[in-house]
Amino acid sequence: MDHIKEEDNKIIAKIRDFNLKHTFDCGQCFRWNEQEDGSYIGVAHGKVLHIYEDEDTITFLNTNMTDFQNIWIDYFDFNRDYGAIKDKLTKDDNIMAQAVEHGCGIRILNQDEWETIISFIISARNFIPRIKKSVELISEKYGRFIEEYNGKKYYAFPTPEELYNKPEEELKNLNVGYRAKYIQSTTFIVKENQVDVYKLENLDREMAKKNLLRLMGVGPKVADCILLFSMRKYKAFPIDVWVKRVMEYFYFKDGATNNQIQEFAKEKYEDLGGFAQQYMFYYARELNIGK
DNA sequence: CACCAGGTAATTC
DNA sequence: GAATTACATGGT
């Protein structure tokens with residue numbers, strides 16, 4: 001990332017290995033929406049951001065240099081060298097080379113822990129358009145109003161306090177079905193400080209995961225997503241139906257258990273498991289494997 | 001009308 | 001403990 005400059009209410013920067021569609025549509029986040037002109041508007045960390053892309057020149061609207069430095073560089077992981085990651089992953093692996101080519105502009109976002117927990121609880125046995133809708137509904141109903149931008153009102157994701165003590169029947173209006181009671185229970189546990197979700201990042205991956213698994217609706221796969229997308233545990237390799245299918249398709253002709261795939265990923269990708277998973281997930285969806 | 005969707009909790013063996 | 005089964009909701 002270089003040539004950062006600020007013009008009124010706008011940041012312009014040249015950023016390598018960053019593509020809006022790849023980053024926002026690769027399944028890691030639910031609050032970014034493509035606009036008619038191809039730009040994206042999203043909410044994160046209580047701010048509304050609008051982004052335009054023209055090859056490697058990226059324009060950030062509705063922000064300033066202070067927020068860019070303090071929030072967005074870290075959120076978008078701009079200080080990490082994704083070129084080096086891709087080189088390492090694709091060395092001696094033709095399949096990964098194709099996956100990386102397809103998802104060349106993916107960056108793993110550093111999202112809010114609490115928002116990521118609730119979002120991925122909702123994601124279980126669900127599908128992405130509905131997950132996005134539910135997260136939007138939760139924010140509109142319980143979150144703090146941020147501002148009106150381009151004629152639309154934007155709301156922050158509600159804090160544990162704001163989501164606390166809501167009747168299950170009310171939560172069901174969020175289109176989350178049977179997950180309403182998971183949200184209710186998890187909010188209770190977090191609000192009562194039985195799990196301090198903002199300190200888990202400081203624990204090692206296994207210990208952080210162990211704590212996450214105490215939350216209702218959080219199993220091994222959802223926990224791995226939370227670790228990877230909000231707690232910087234880049235060895236985490238979440239295995240869902242897509243990742244399982246694509247890994248079996250390319251590397252296990254006779255099928256494999258999740259444990260076998262985990263061991264394989266640990267061995268093959270070492271410290272880069274999370275990045276590898278995201279390239280493979282996005283590639284699997286593109287290939288529509290299993291359909 | 002079955003079957004499925006970024007799995008997990010509850011139940012059963 | 002390891003294997004089944006139920007689970008909301010909306011779309012094909």
Side-chain angles (χ1 to χ4, degrees), chain A residues 21-32 99 102-103 106 108-109 111 113 115-138 141 166-190 194-195 209-231 233-234 236-250 255-262 265 273-291:
Chain A
K21 185 173 182 54
H22 296 170
T23 296
F24 295 136
D25 291 351
C26 74
Q28 61 178 324
C29 57
F30 305 104
R31 293 211 71 190
W32 289 89
H102 174 251
I106 291 176
I108 306 258
L109 302 174
Q111 302 179 68
E113 292 92 327
E115 176 174 343
T116 305
I117 288 168
I118 297 299
S119 298
F120 278 91
I121 284 175
I122 293 168
S123 79
R125 205 171 172 76
N126 210 334
F127 71 111
I128 290 177
R130 185 189 288 159
I131 301 165
K132 291 181 73 167
K133 185 66 187 169
S134 291
V135 174
E136 186 179 357
L137 282 172
I138 290 183
K141 192 166 171 65
K166 303 297 179 196
E168 189 179 329
E169 289 310 310
E170 192 179 309
L171 295 174
K172 280 200 171 176
N173 295 330
L174 306 169
N175 257 323
V176 293
Y178 64 92
R179 305 168 194 86
K181 65 171 178 285
Y182 299 165
I183 295 172
Q184 188 186 48
S185 167
T186 287
T187 303
F188 180 85
I189 293 171
V190 171
Q194 293 173 26
V195 175
K209 183 168 181 175
K210 211 168 166 181
N211 278 276
L212 286 172
L213 291 176
R214 293 167 55 199
L215 302 173
M216 183 75 65
V218 178
K221 184 269 173 184
V222 168
D224 281 337
C225 285
I226 296 163
L227 291 169
L228 177 60
F229 300 137
S230 74
M231 296 180 183
K233 305 300 184 190
Y234 296 108
F237 191 86
I239 299 176
D240 64 357
V241 290
W242 292 95
V243 172
K244 185 170 164 64
R245 280 200 294 248
V246 74
M247 295 300 284
E248 285 178 331
Y249 181 76
F250 285 122
T257 65
N258 282 14
N259 280 339
Q260 287 175 307
I261 298 172
Q262 284 289 357
F275 304 99
Q277 188 272 359
Q278 212 48 30
Y279 290 121
M280 292 305 282
F281 173 80
Y282 191 51
Y283 191 43
R285 309 235 341 156
E286 169 68 17
L287 296 177
N288 219 356
I289 289 175
K291 286 295 179 69

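Here is how names work: the chains are called A, B, and so on, in the same order as the sequence lines, proteins then strands, and each is numbered from 1.
- Distances were taken from every side-chain heavy atom of A:Arg245 (C-beta onward) to each of B:dG7, B:dA5, C:dT9; the shortest belongs to B:dA5.
- Base engagement by A:Gln277 is indicated by at least one non-hydrogen atom pair under 4.0 Å involving a base atom.
- Atom NZ in A:Lys172 sits about 5 Å away from atom P in C:dA8, given to the nearest Å.
- Counting any heavy atom pair closer than 4.0 Å across all strands shown, A:Pro238 reaches no nucleic acid atom.
- At whole-Å resolution of the value, CG in A:Asn126 and C1' in B:dT8 are 13 Å apart.
- Here, C:dG10 and B:dA9 have their C1' atoms 23 Å apart, quoted to the whole Å.
- Nucleic acid contact class of A:Leu213 (heavy atoms, under 4.0 Å, all strands): none.
- Taking atom CG of residue A:Asp240 and atom P of nucleotide B:dC4, one finds them 16 Å apart after rounding to whole Å.
- Interface remark: the A:Tyr182 side chain does not form any donor-acceptor pair with the B:dG7 base, using a distance-only criterion of under 3.5 Å.
- Following rounding to the nearest Å, A:Asn175 (CG) and C:dC7 (C1') show an atom-to-atom distance of 16 Å.
- Only the P atoms considered, B:dT11 is 13 Å distant from C:dA8, to the nearest whole Å.
- Here the P atom of nucleotide B:dG7 and the CD1 atom of A:Ile128 are 10 Å apart, to the nearest Å.
- Atom CG in A:Asn258 sits about 14 Å away from atom P in C:dA2, given to the nearest Å.
- Between A:Pro238 and A:Gln28 there is no side-chain heavy-atom pair separated by less than 4.5 Å.
- Between A:Val218 and A:Arg285, it is A:Arg285 whose nearest contact on DNA chain B lies nearer the 5' terminus.
- Taking the P atoms as reference points, C:dT5 lies 14 Å from B:dC3, given to the whole Å.
- At a cut-off of 3.5 angstrom, counting only N and O atoms as typed in the model, there is no donor on one side facing an acceptor on the other between the side-chain of A:Arg125 and the base of B:dT8.
- Summarising the geometry, the separation between CD on A:Glu169 and P on C:dA8 is reported as 10 Å, rounded to the nearest angstrom.
- Remark on DNA chain B: of its neighbouring residues A:Gln28 and A:Lys181, the 5'-side contact belongs to A:Gln28, judged by nearest-heavy-atom nucleotide.
- In the set C:dA8, C:dT9, B:dT8, B:dT8 carries the atom at the smallest distance from any side-chain atom of A:Lys221.
- The CZ-P distance, from A:Phe127 to C:dA8, rounds to 18 Å in whole Å.
- Paired with A:Ile117 under the rule side-chain contact (heavy atoms from CB on, under 4.5 Å), one option of A:Ile183, A:Thr186, A:Thr187 passes, and it is A:Thr186.
- Sparse packing is recorded around OH of A:Tyr249, with 12 or fewer heavy atoms of other residues, nucleotides or ligands lying under 6.0 Å away.
- The aromatic ring centroids of A:Phe281 and A:Phe237 lie 6.0 Å or more from each other.
- Nearest heavy-atom pair across A:Ala99 and A:Tyr279 is CB-O, 3.9 Å.
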